[in-house]
Amino acid sequence: MTTQSAAIPAFRPAASGPALTASALVTLIAAATIAGAWFFQLVLEILPCPLCLEQRYAYYLAIPVGVLTVLAARSGAPRSLLLAGLAILALATLANAGLGTYHAGVEWGLWKGPTDCSGPVVNLGNAADLLSKLDTVKVVRCDEVQWRFLGLSLAGYNVLVSLLMAAIAAWGFVATAKMRPGPSTAPGRTARHIPPRRSTR
């Protein structure tokens, strides 16, 4: 007579450790950066130019996508869903680094910027129209630096922050893709046991 028993643990489909860490870090960095941008605008009264506003779009995208990826990782979502979230974060922040580089080059005079906020001022109309516009509109130019620290403008710091977030998201993507899902017991669940089997000869 023999007795045979085994435990079959619950199976988690994706390795969520790197995805959770990377998405959480990107979310925190993005939230802190956009909060700093609004601090400069509302408290220090450093108004953003059109290119500055465009560089905020990536942060407005990264925060909700990062939060959703964190929640997905914590709930043991499929690996493909985590990889999709990390890919969006990496691509969005990398593209934003490119936009920041373009803006910094405009500030340094390396290339021309958008005609609506840089270059020579043209088409001012008559003197009366110009004076009335100057009384109501504050033109924020893309090729004039309003604030620098250690030689870098806000556009330059945006490049560094965006590259950092892109690197973190890329690390999370690669690490998650390389990890092999293994058997593990999901939180709040216990292993299922096969009842003993008895056999006679």
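As the structure is a computational prediction, the values presented were derived from the model and not from experiment. Positions are given from 1, in the same order as the sequence printed here. Computation of the quantities below employed the complete heavy-atom set of this structure, encompassing side-chain atoms and omitting hydrogens, waters and symmetry-equivalent molecules.
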**Prompt:** Among all residues two or more places apart in sequence or in another chain, which pass the side-chain contact (heavy atoms from CB on, under 4.5 Å) test with Ile46?
**Reply:** Phe40, Leu44, Gln146, Trp147
**Item:** Ile29 and Ile168, any side-chain heavy atoms less than 4.5 Å apart
**Value:** yes
**Asked** Do Leu51 and Tyr102 come close enough that some side-chain heavy atom pair is under 4.5 Å?
**Response** yes
**Message:** Is any side-chain heavy atom of Val161 closer than 4.5 Å to one of Tyr59?
**Reply:** yes
**Reported CZ-to-CG distance for the pair Phe173 and Leu91, which is rounded to 0.5 angstrom** = 9.0 Å
**Beyond-backbone contact of Leu94 with Leu163, side-chain heavy atoms, under 4.5 angstrom** = yes
**Heavy-atom pair of closest approach, residues Thr69 and Gly85** = OG1-CA, 3.6 Å
**Prompt:** Of the non-hydrogen atoms in Ala169 and Leu89, which two are nearest, and what is the gap between them?
**Reply:** CB-CB, 3.9 Å
**Asked** Same hydrophobic cluster for Leu164 and Tyr57, using side-chain heavy-atom links shorter than 4.5 Å among ILVMFWY?
**Response** yes
**Item:** Heavy-atom check, side chain of Leu47 versus side chain of Gln41, under 4.5 Å
**Value:** yes
**Item:** Side chain to side chain, Leu160 and Leu152, heavy atoms closer than 4.5 Å
**Value:** yes
**Asked** If every non-hydrogen atom of Ala30 is compared with every non-hydrogen atom of Ala62, which pair is closest and at what distance?
**Response** CB-CB, 4.2 Å
**Prompt:** For Cys52 and Pro48, which heavy atoms make the closest approach, and how far apart are they?
**Reply:** CB-CB, 3.6 Å
**Request:** Mind checking the CD-CG spacing from Glu54 to Asn96? Nearest 0.5 Å is all I need.
**Result:** 10.0 Å
**Message:** Determine whether a donor-acceptor pair (N or O, by modelled atom type, separation under 3.5 Å) exists between the side chain of Ser162 and the backbone of Val159.
**Reply:** no
**Nearest-0.5 Å distance, CG of residue Leu71 to CG of residue Leu20** = 9.5 Å
**Request:** Only one of Thr176, Val65, Val174, Leu81 passes side-chain contact (heavy atoms from CB on, under 4.5 Å) with Leu86; say which it is.
**Result:** Thr176
**Distance-minimising heavy-atom pair for Tyr60 and Trp38** = OH-NE1, 3.1 Å
**ILVMFWY network linking Ile34 to Val43, side-chain heavy atoms under 4.5 angstrom** = no
**Fill in**
In terms of heavy-atom contacts, Gly100 and Gln55 come closest through CA-OE1, 3.3 Å
**Asked** So, do Lys178 and Pro18 sit near enough that their side-chain heavy atoms are less than 4.5 Å apart?
**Response** no
**Item:** ILVMFWY network linking Tyr157 to Leu53, side-chain heavy atoms under 4.5 angstrom
**Value:** no
**Asked** Which pairs with one or both residues in residues 19-36 pass side-chain hydrogen bond (donor to acceptor under 3.5 Å, both in side chains), sequence neighbours excluded?
**Response** none
